[in-house]
Amino acid sequence: MQDRKPNNRFSLPLLAIAAGVILAAGGGAAWWAKHSLDRTNRTIAPKVPATEQTQPTTSEPIAQEKVEICWLDPQDNSIELVASTQAFQKSIRPQEALTAAFETLLAGPQSNSSYTTSIPEGTKLLGLNVDKQGVRVNLSREFVSGGGSASMEGRLAQVIYTATSTSSSDRVFISVEGKPLKTLGGEGLLVAQPMTRESFEANFQL
């Protein structure tokens, strides 16, 4: 019997096809790996919008409107008028700043403060308006209750000096329950309307 040699006619084409498949698979794997890496990089480092990239950071100071809230500081033989400062953005209207200051004043000093107030507890701000004539403050009836002349003068000073803290020359009109205040306390302390810091210093003392 004659020996037959293996038929190798299809070996080279098959090898070429197999190599092509392997190369194609390898190229696909390389493309997939690169595509995955690019996608991963996009997730880790998102693009920042151009507007955020070009905006410079600034630390310019904000203009402020300051008001003073006036308290009483008892000394050995006298009572001094003292003030704590409250700051607001300059864009706020004086009426809004003063309203916030009066709400703080009528709430009373903090429990750990050495200052005090002669304004009766429960006094409420019923309205505050700033116009060309001055500052108009409308308080609840509790404002005129209790206390002697020293207490009355103290609470009057607190209202006048707080109301004029944005402009010391302003005139102050004080009303109680919508009616102009004419007398204060059981001793009938006369109150001239309008009042200013100058008129208070000329007619009263703490």
Margin query: Working to the nearest 0.5 angstrom, can you tell me the gap between Glu103 CD and Ile69 CD1?
Written below: 10.5 Å
Margin query: If you count every heavy atom of other residues, nucleotides or ligands that lies below 6.0 Å from Glu96 atom CD, does the total exceed 12?
Written below: yes
Notebook entry, point to check: Looking only at atom types and distance, does a side-chain atom of Gln158 sit under 3.5 Å from a main-chain N or O of Cys70, one as donor and one as acceptor?
Noted result: yes
Check: Taking a hydrophobic cluster as the set of Ile, Leu, Val, Met, Phe, Trp and Tyr residues connected by side-chain heavy atoms closer than 4.5 Å, whether directly or through intermediates, do Phe102 and Leu126 fall within one such cluster?
Finding: no
Margin query: When you measure from the side chain of Asn138 to the backbone of Gly178, do you find a donor-acceptor pair of N or O atoms at a distance under 3.5 Å?
Written below: yes
Next item on the list: Please check if any side-chain donor atom of Ser151 sits under 3.5 Å from a side-chain acceptor atom of Arg155, or the reverse.
Entry: yes
Notebook entry, point to check: Does some side-chain heavy atom of Lys124 sit less than 4.5 Å from a side-chain heavy atom of Leu139?
Noted result: no
Check: With a 4.5 Å heavy-atom cut-off, do Pro180 and Phe173 have their side chains touching?
Finding: no
Notebook entry, point to check: Considering residues, nucleotides and ligands other than Asn112, do more than 12 of their heavy atoms fall under 6.0 Å from its CG?
Noted result: yes
Next item on the list: Using only heavy-atom distances, determine whether the side chains of Thr196 and Glu198 contain a donor-acceptor pair under 3.5 Å.
Entry: no
Checklist line | Leu189 and Thr183, any side-chain heavy atoms less than 4.5 Å apart | finding: no
Notebook entry, point to check: Side-chain contact, heavy-atom cut-off 4.5 Å: Thr123 with Ser140?
Noted result: yes
Item checked: Asp170 side, atom CG; Gln133 side, atom CD - distance, nearest 0.5 Å -> 12.0 Å
Next item on the list: Give, for atom OG of Ser118 and atom CD of Glu153, the distance between the pair rounded to the nearest 0.5 Å.
Entry: 10.0 Å
Item checked: Under 3.5 Å: donor-acceptor pair, side chain of Ser145, backbone of Arg141 -> no
Checklist line | Pairwise side-chain contact, Glu68 with Thr166, heavy-atom cut-off 4.5 Å (strictly under) | finding: no
Next item on the list: Examine the side chains of Thr164 and Arg197 and answer whether a donor and an acceptor come within less than 3.5 Å of each other.
Entry: yes
Checklist line | Rounded distance [0.5 Å steps], CD in Gln110 versus OH in Tyr115 | finding: 12.0 Å
Notebook entry, point to check: Distance from Gln86 atom CD to Leu98 atom CG, nearest 0.5 Å?
Noted result: 10.5 Å
Next item on the list: Determine yes or no for a side-chain-to-main-chain donor-acceptor pair under 3.5 angstrom, with Gln75 supplying the side chain and Glu80 the backbone.
Entry: no
Check: Is any side-chain heavy atom of Leu72 closer than 4.5 Å to a side-chain heavy atom of Val82?
Finding: no
Note to self: Side chains of Ile174 and Leu156, heavy atoms from C-beta outward: is any pair under 4.5 Å?
What the structure shows: yes
Next item on the list: I would like to know whether Phe88 and Val67 meet side chain to side chain contact (heavy atoms under 4.5 Å, CB included); could you show each step before the answer?
Entry: CA-CA 8 Å; Phe88 302 88; Val67 295; 3.5 Å; yes
Next item on the list: In sequence, state the C-alpha distance, the side-chain angles, and the governing distance for Leu181 and Val144, and then conclude on side chain to side chain contact (heavy atoms under 4.5 Å, CB included).
Entry: CA-CA 9 Å; Leu181 181 63; Val144 298; 3.9 Å; yes
Check: In Å and rounded to the nearest 0.5 Å, what is the CZ to OG distance from Arg171 to Ser199?
Finding: 10.5 Å
Next item on the list: Could you tell me which non-hydrogen atom of Ser114 sits nearest to which non-hydrogen atom of Asp73, and how far apart they are?
Entry: O-OD1, 4.2 Å
Next item on the list: Please confirm whether the backbone N or O of Gln95 pairs with a side-chain atom of Thr99, one donor and one acceptor, at under 3.5 Å?
Entry: yes
Check: Any side-chain donor-acceptor pair under 3.5 Å between Trp71 and Thr117?
Finding: no
Next item on the list: Compare all side-chain heavy atoms of Val159 with those of Phe143 and state whether any distance is below 4.5 angstrom.
Entry: yes
